[in-house]
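FYI, the numbering just counts along the sequence from 1.
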Amino acid sequence: GDVVANIGGDAIDLTTLIPVGADPHTFAATPRDIAAIAQADVVFVNGYNMEEALMPLIENSGIAAERIIPVSAGVEVLGFEGDHSHDDHDHSHEEDKQSSLLDLFTRTAAAHGGEDHDHDHDHGGVDPHTWMSPLNVKVWVENIEAVFVALDPTHEQQYEDNAALYIEELAALDEYIREATAAIPQENRKLVTDHQVFGYFARDYEFDQVGAVFPGFSTLAEPSASDLAALQTTIKEYGVPAIFVGTTVNPMLSERVATDAGVQLITIYTGSLSAAGEPADTYLNFMRYNTDQIVKGLTGA
């Protein structure tokens with residue numbers, strides 16, 4: 001919602017369905033939400049089944065399929081083993097600008113799930129947390145801009161200018177993350193989280209995501225006793241000093257693991273921004289806050 005608002009500016013009327021503090025994996029829409037979807041000109045989703053509880057309602061709302069746009073289309077996605085999966089989508093700015101909305105949807109169908117949606121909790125083996133790297137969010141911006149230009153060409157220049165400015169801010173954010181994390185020695189760059197949310201951050205900023213309390217890409221996954229025992233072994237083996245847990249996840253299980261392993265539990269933002277005026281109230285602030293928390297947790301600073 002924040003990224004769309006930055007590109008659309010005052011030329012759009014934006015409704016963000018999932019409120020601050022809600023878990024996108026489990027969010028359930030209200031009748032009012034369904035009405036808003038049905039009346040929308042376009043619905044932006046993350047894609048790759050991130051909105052697993054919400055997608056059936058979006059699809060059944062009556063909105064035309066080509067108006068459901070996955071912003072993550074064109075991102076080089078990661079699988080369970082950290083493999084890179086190359087999407088055939090060419091997100092060249094000039095090509096996208098000339099594309100119709102239907103053409104963009106057709107090219108982005110893989111990120112949406114196509115006609116045969118897989119709502120398994122492992123997201124079909126693809127990591128959906130694409131926003132955890134600003135390099136991916138640049139692709140979001142290109143997709144969002146292309147859709148707005150196709151729907152509303154009279155404001156094309158405004159959308160282009162907004163997108164260009166936001167891409168500059170993403171570049172500055174990328175530099176901030178690189179400079180801040182340079183303080184962490186290579187041997188300490190090990191991440192343990194509540195669920196596997198930091199794959200893209202780890203890939204782009206030279207970390208290893210070595211373990212998670214919930215063994216998968218979704219907070220709906222349920223760890224077994226052997227999963228938790230193996231995680232504690234991993235924490236001790238790598239000397240991991242902290243577990244990072246998102247604000248949208250019940251922390252009780254993570255607290256137990258942290259206590260048993262004798263490590264810190266550090267709060268971050270993963271599936272939601274913070275409320276306005278708090279430290280993660282925009283995407284840019286969200287990533288800076290998380291970066292600062294990671295540096296603190298892994299250096300003891």
Side-chain angles (χ1 to χ4, degrees), residues 75-85 122-123 125-136 173-219 221-271 280 286-301:
V75 168
E76 186 180 344
V77 293
L78 296 173
F80 263 122
E81 302 303 320
D83 294 333
H84 296 212
S85 299
D122 67 357
H123 304 278
V126 172
D127 185 347
H129 304 98
T130 56
W131 64 90
M132 298 307 287
S133 169
L135 304 182
N136 292 341
L173 173 61
D174 172 61
E175 186 63 27
Y176 177 89
I177 296 171
R178 294 183 191 282
E179 291 181 357
T181 58
I184 305 172
Q186 190 60 45
E187 62 272 17
N188 291 357
R189 298 168 84 91
K190 307 290 190 296
L191 293 170
V192 173
T193 53
D194 52 72
H195 68 298
Q196 293 181 17
V197 69
F198 270 111
Y200 297 101
F201 184 91
R203 179 191 68 186
D204 292 340
Y205 300 105
E206 300 182 3
F207 286 79
D208 291 320
Q209 188 174 230
V210 297
V213 176
F214 297 91
F217 294 136
S218 172
T219 54
E222 294 189 9
S224 65
S226 61
D227 289 331
L228 297 177
L231 178 59
Q232 289 193 32
T233 298
T234 296
I235 290 170
K236 292 176 182 177
E237 177 184 349
Y238 287 106
V240 175
I243 297 174
F244 299 96
V245 60
T247 58
T248 58
V249 178
N250 187 324
M252 289 182 62
L253 190 55
S254 298
E255 288 171 352
R256 193 176 87 196
V257 173
T259 298
D260 290 347
V263 300
Q264 295 183 78
L265 191 73
I266 294 181
T267 301
I268 55 174
Y269 291 86
T270 57
F286 164 102
M287 289 300 298
R288 290 190 183 98
Y289 179 86
N290 285 345
T291 298
D292 293 345
Q293 290 291 84
I294 289 169
V295 171
K296 180 176 75 172
L298 298 184
T299 63

Could you grab the distance from atom [atom1] of [X] to atom [atom2] of [Y], nearest 0.5 Å is fine?
X: Ile294; Y: Tyr205; atom1: CD1; atom2: OH; result: 11.0 Å
X: Gln209; Y: Met132; atom1: CD; atom2: CE; result: 9.5 Å
X: Met287; Y: Leu173; atom1: CE; atom2: CG; result: 6.0 Å
X: Leu298; Y: Leu191; atom1: CG; atom2: CG; result: 6.0 Å
X: Ile243; Y: Thr267; atom1: CD1; atom2: OG1; result: 12.0 Å
X: Thr270; Y: Trp131; atom1: OG1; atom2: CH2; result: 7.5 Å

Q. Quick check: does any side chain N or O of Asp127 sit under 3.5 Å from a backbone N or O of Leu78, one acting as donor and the other as acceptor?
A. no

Q | Donor-acceptor under 3.5 Å (His129 side chain, Gln196 main chain) | A | yes

Test of understanding: with side chain to side chain contact (heavy atoms under 4.5 Å, CB included), list the residues that count as partners of [X], not counting sequence neighbours.
X: Thr181; value: Ile177, Ile184, Arg189, Phe201, Phe207, Thr291, Val295
X: Glu237; value: none
X: Gln232; value: Val257, Asp260
X: Asn136; value: Val75, Thr130, Ser133, Tyr200, Arg203

Mind listing the closest non-hydrogen atom pair of [X] and [Y] along with its distance?
X: Lys296; Y: Gln293; value: NZ-OE1, 3.2 Å
X: Ala258; Y: Gln264; value: CB-O, 4.2 Å
X: Asp292; Y: Tyr176; value: OD1-OH, 2.7 Å
X: Gly297; Y: Pro241; value: O-CG, 3.3 Å
X: Thr299; Y: Ala183; value: CG2-O, 3.9 Å
X: Ser254; Y: Val245; value: OG-CG2, 4.0 Å

Q: Could you tell me whether the side chain of Val240 reaches within less than 4.5 Å of the side chain of Val263, counting heavy atoms only?
A: no

Q) Considering residues at least two apart in sequence or located in another chain, which fulfil the side-chain hydrogen bond (donor to acceptor under 3.5 Å, both in side chains) criterion with Ser226? A) Ser224

**Q.** For Tyr238, side-chain hydrogen bond (donor to acceptor under 3.5 Å, both in side chains) partners two or more places apart
**A.** none

Q.
Applying salt bridge (charged side-chain N to carboxylate O under 4.0 Å, His left out), can you list everything that pairs with Arg256, at least two apart in sequence or on another chain?
A. none

Q) Which residues satisfy the salt bridge (charged side-chain N to carboxylate O under 4.0 Å, His left out) test with Asp174, sequence neighbours excluded? A) Arg178

Q. In terms of the angle between their ring planes, are Tyr269 and Phe286 parallel, tilted or perpendicular, with boundaries placed at 30° and 60°?
A. tilted

Q. Would you find more than 12 non-hydrogen atoms of other residues, nucleotides or ligands less than 6.0 Å from Glu206 atom CD?
A. no

Q. Side chain to side chain contact (heavy atoms under 4.5 Å, CB included) between Leu265 and Thr259: does it pass, once the steps are laid out?
A. CA-CA 9 Å; Leu265 191 73; Thr259 298; over 6 Å; no

